[in-house]
Protein chains: 4
Amino acid sequence: MPNEPSPPRRRGAVRTEALLQVTLDLAAEVGYAGLSIEAIARRAEVGKHTVYRRWPTKAALLLDALQRAWATDLDHRDTGDLRADLREQFLRSSSALTEPPIGPVYRAVIAEAQSDPAARATLHERFLRTVETSTLERVTRAQRAGELRADVDLTFAAEVLCGALYYRHLLTPRPVDEAAIDGLLDMFMAAYGSRSRTRRPDAVGG
Amino acid sequence: MPNEPSPPRRRGAVRTEALLQVTLDLAAEVGYAGLSIEAIARRAEVGKHTVYRRWPTKAALLLDALQRAWATDLDHRDTGDLRADLREQFLRSSSALTEPPIGPVYRAVIAEAQSDPAARATLHERFLRTVETSTLERVTRAQRAGELRADVDLTFAAEVLCGALYYRHLLTPRPVDEAAIDGLLDMFMAAYGSRSRTRRPDAVGG
Amino acid sequence: MPNEPSPPRRRGAVRTEALLQVTLDLAAEVGYAGLSIEAIARRAEVGKHTVYRRWPTKAALLLDALQRAWATDLDHRDTGDLRADLREQFLRSSSALTEPPIGPVYRAVIAEAQSDPAARATLHERFLRTVETSTLERVTRAQRAGELRADVDLTFAAEVLCGALYYRHLLTPRPVDEAAIDGLLDMFMAAYGSRSRTRRPDAVGG
Amino acid sequence: MPNEPSPPRRRGAVRTEALLQVTLDLAAEVGYAGLSIEAIARRAEVGKHTVYRRWPTKAALLLDALQRAWATDLDHRDTGDLRADLREQFLRSSSALTEPPIGPVYRAVIAEAQSDPAARATLHERFLRTVETSTLERVTRAQRAGELRADVDLTFAAEVLCGALYYRHLLTPRPVDEAAIDGLLDMFMAAYGSRSRTRRPDAVGG
DNA sequence: AGTTAACCGAGACGGTACGTCCTGTCTTATA
DNA sequence: TATAAGACAGGACGTACCGTCTCGGTTAACT
């Protein structure tokens, strides 16, 4: 029996990286449906145990893979024009969530999260809360700059801004397009904008 | 719900009812995880084909089961006080979505919907759009009654009201409680309420 | 009370014929595997009950279908040369059993017969015994004509002649070709032929 | 937290053995009809895949099970009396084929073989050919010993000996009893026995 | 000619088995 | 000791037939 030399086995962190990458590749190629641990291990030419050793749950793996792909710049710009900055950031996020590999992985995570409260908490902690926080910081800066009314606590407003867009993306056949974002910002600015700068009687609604 | 004219298959209809009920029972007893077609058929003492004959997909079955459980009164009250009516309706919806059997079934549907665009569209068409529409009608009435500004198109606002709450319920560890609803309504009324009636300078924010 | 009332109902008889023909057609087109009652009824555009009303068992249906196709001339020729007559008849039977539709139906019947002793008995009664009997008659005639030894009971010999060929056809990858038939006849004639006419020292064996 | 230690999983060859044994047990207990892969796996407390991993086909599994049960001594005795030796061996084979577990498994294999030419070939290769060969060897020895005529090739004769008995067993309601075996041997000896030793004018035929 | 009972297609129904896929645990052999 | 490979029990998937059972709508025979 001829012993063919097998390739050197990569280990530890390198392996972890490779697995996450394979997960993203699979997501991009075969989508949500192909994201089984079995398929990932097969594609990575890795024993299944090597996956389970690293992540206790498919949700955990997918969350890490999502993080790896989460290269989008989360920090809102601060050009001094709050509306324009939010608009630009929301557009960027929207297209990021739509395209592979983030899109399929995100959907997979959300599906997992429905049956796993821990995954749901982690999903929020590591991704959604981050988005909310980043938005909150930007609007808070705007508030300090006088763009927004000073008499309101914006915490919940930041959640609404994010939530409305996620809702549309995940549970609606409608796209998160410019019209949607503008409509949302109209509402936000109407509610919290400083009186003098906010009124745009010709453009509210949509 | 649109049905074919009138093929009075009483035999079939009885089975269909029973299957939907079993689905809800399973959801209440064993939760999301127990909602396999196999388990439903087994519990109903029915051949699997009897299920597949009626619903091409688990998502389709779950959507019908959801509809069956969806007894919540969707029509917003109209006491003349928009804020109070919305608040009351949102609280009611929230508790309906939290408890079995709607809770588990809803989550299961959403999980299915992530991998099945058709299910996603149907989910929205039959449930979320209904909620949006119902809300839109109430706020439009309020607008005509002078409670809300007359210069805005409220279509998107209605989506935001619903979406923000669904987001919190489905993707967040936070509960949809009175504080959340009040915060949302503050924002909404601040944005669109008629000037004289809306300002509640002491309570905005959360 | 099975009171055979009057002349046969034409409608019924026509249907029966059609079903048998469909069975043969299916056997010829899709072979053994396609011979389910379900498929036959579907192809005949007939309710399954119409099949079960006529035949209690798939085996029963197949046996009737087999009979319908069993057009092969079973009566051995009697040219005065026993060996030649048997040879000719065996060749004819062999090719009949090999080709559709008899081939597939025959195999299907035999498969059914393995799990159903009644079907096995009927199979033998209606087909195999007929072949044995027909052969027995021919060799008995030859015996009376002096072609075969007078001091033997040929009943079992007739069974062996048939059985050896069926064995080869059904359980062996070898074809029932001229060589096989000649070999068999050599053995038979060597055993039972009258001394003077039988010895063919140059041709015995294969 | 130490869970209850599950019994060490039997693997590989041991598992294969167990599965074959379960197949034979089922055959003996519930007969031909109970020999589904599903039932075998259930009885063995084994995942179905564990069966499919080993045998691509039910036929393949049954063939192996048959082999396991095939303990009958295939080698013909050689007491110097060919007729007695063959008789003894045929009787032994006959009763082996009649009783469980070989009986039901054999019938199941033959049923499978009718719809699967590969199974048919394997069935012959591994069982029937073996019987033919063993018989051929014995008669060839007898031929060299002068018991049989020297001027014949016995290959086909060996097939006929086996085939006639299989035919009777599998396709006939008649049993393979002593009379049948004697009749067959009469014919064989009449055909191929050396003249001086063979003639038994009082006993030929059945 | 009207009645009526058998027959019909269509297919629903509870079952069982098929063969495939994935899960999460466990084992083996290699490096 | 970590690994690649994959065996393993379990269970769901969606499909195919089985043989029984309605369901209305013909037919054909006998009033």
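Note that this is a predicted model, so its numbers are computed, not measured. No hydrogens, no waters, no symmetry mates; every other heavy atom, side chains included, goes into these values. Naming: A, B, ... by sequence-line order, numbering from 1 per chain.
At the phosphate of F:dT3, OP1 or OP2 sits under 4.0 Å from a side-chain N or O atom of A:Arg54. Of the side-chain N and O atoms in B:Thr50, none sit less than 4.0 angstrom from OP1 or OP2 of E:dA12.
Contacts of D:Leu24 classified as side-chain contact (heavy atoms from CB on, under 4.5 Å), with partners at least two apart in sequence or in another chain: D:Gln21, D:Ala65, D:Arg68, D:Ala69, D:Pro101, D:Val105. Residues meeting the side-chain contact (heavy atoms from CB on, under 4.5 Å) test with C:Gln67, sequence neighbours left out: C:Arg126, C:Phe127. Legend: residues meeting side-chain contact (heavy atoms from CB on, under 4.5 Å) with C:Arg53, ordered by chain and number and at least two apart, are C:His49, C:Thr50.
As a whole-Å value, the separation of B:Leu19 CG from E:dC13 C1' is 12 Å. Rounded to an integer number of Å, the gap from C:Glu45 CD to F:dT26 P is 17 Å. Atom C1' of nucleotide F:dA28 and atom CZ of C:Arg15 are separated by 14 Å, given to the nearest angstrom.
Judged purely by atom type and a 3.5 angstrom limit, B:Ser36 uses its side chain to pair as donor or acceptor with the backbone of B:Ala39.
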How does protein contact run along nucleotides 13-19 of chain F, one letter per nucleotide 5' to 3', with B for base contact, S for sugar-phosphate only, - for none, heavy atoms under 4.0 Å?
-> BBB-SBB
Scan the side chains in residues 115-124 of chain C for donor-acceptor partners under 3.5 Å anywhere in the protein, sequence neighbours excluded, and list what turns up.
unit_1	atom_1	unit_2	atom_2	d
C:Ser115	OG	C:Glu112	O	3.3
C:Asp116	OD1	C:Ala118	N	3.0
C:Asp116	OD1	C:Ala119	N	3.2
C:Arg120	NH1	C:Ala113	O	2.9
C:Arg120	NH1	C:Gln114	O	3.4
C:Thr122	OG1	C:Ala118	O	3.0
C:His124	NE2	C:Glu132	OE2	3.1
C:His124	NE2	D:Arg174	NH2	3.4

Return all side-chain donor-acceptor pairs below 3.5 angstrom for residues 40-48 of chain B, not counting sequence neighbours, or 'none' if the list is empty.
unit_1	atom_1	unit_2	atom_2	d
B:Arg43	NH2	B:Glu29	OE1	2.6
B:Lys48	NZ	B:Glu38	OE1	3.2

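When the nucleotides F:dT3, F:dC8, F:dA5 are ranked by their closest atom to the side chain of D:Arg53, F:dC8 comes out on top.
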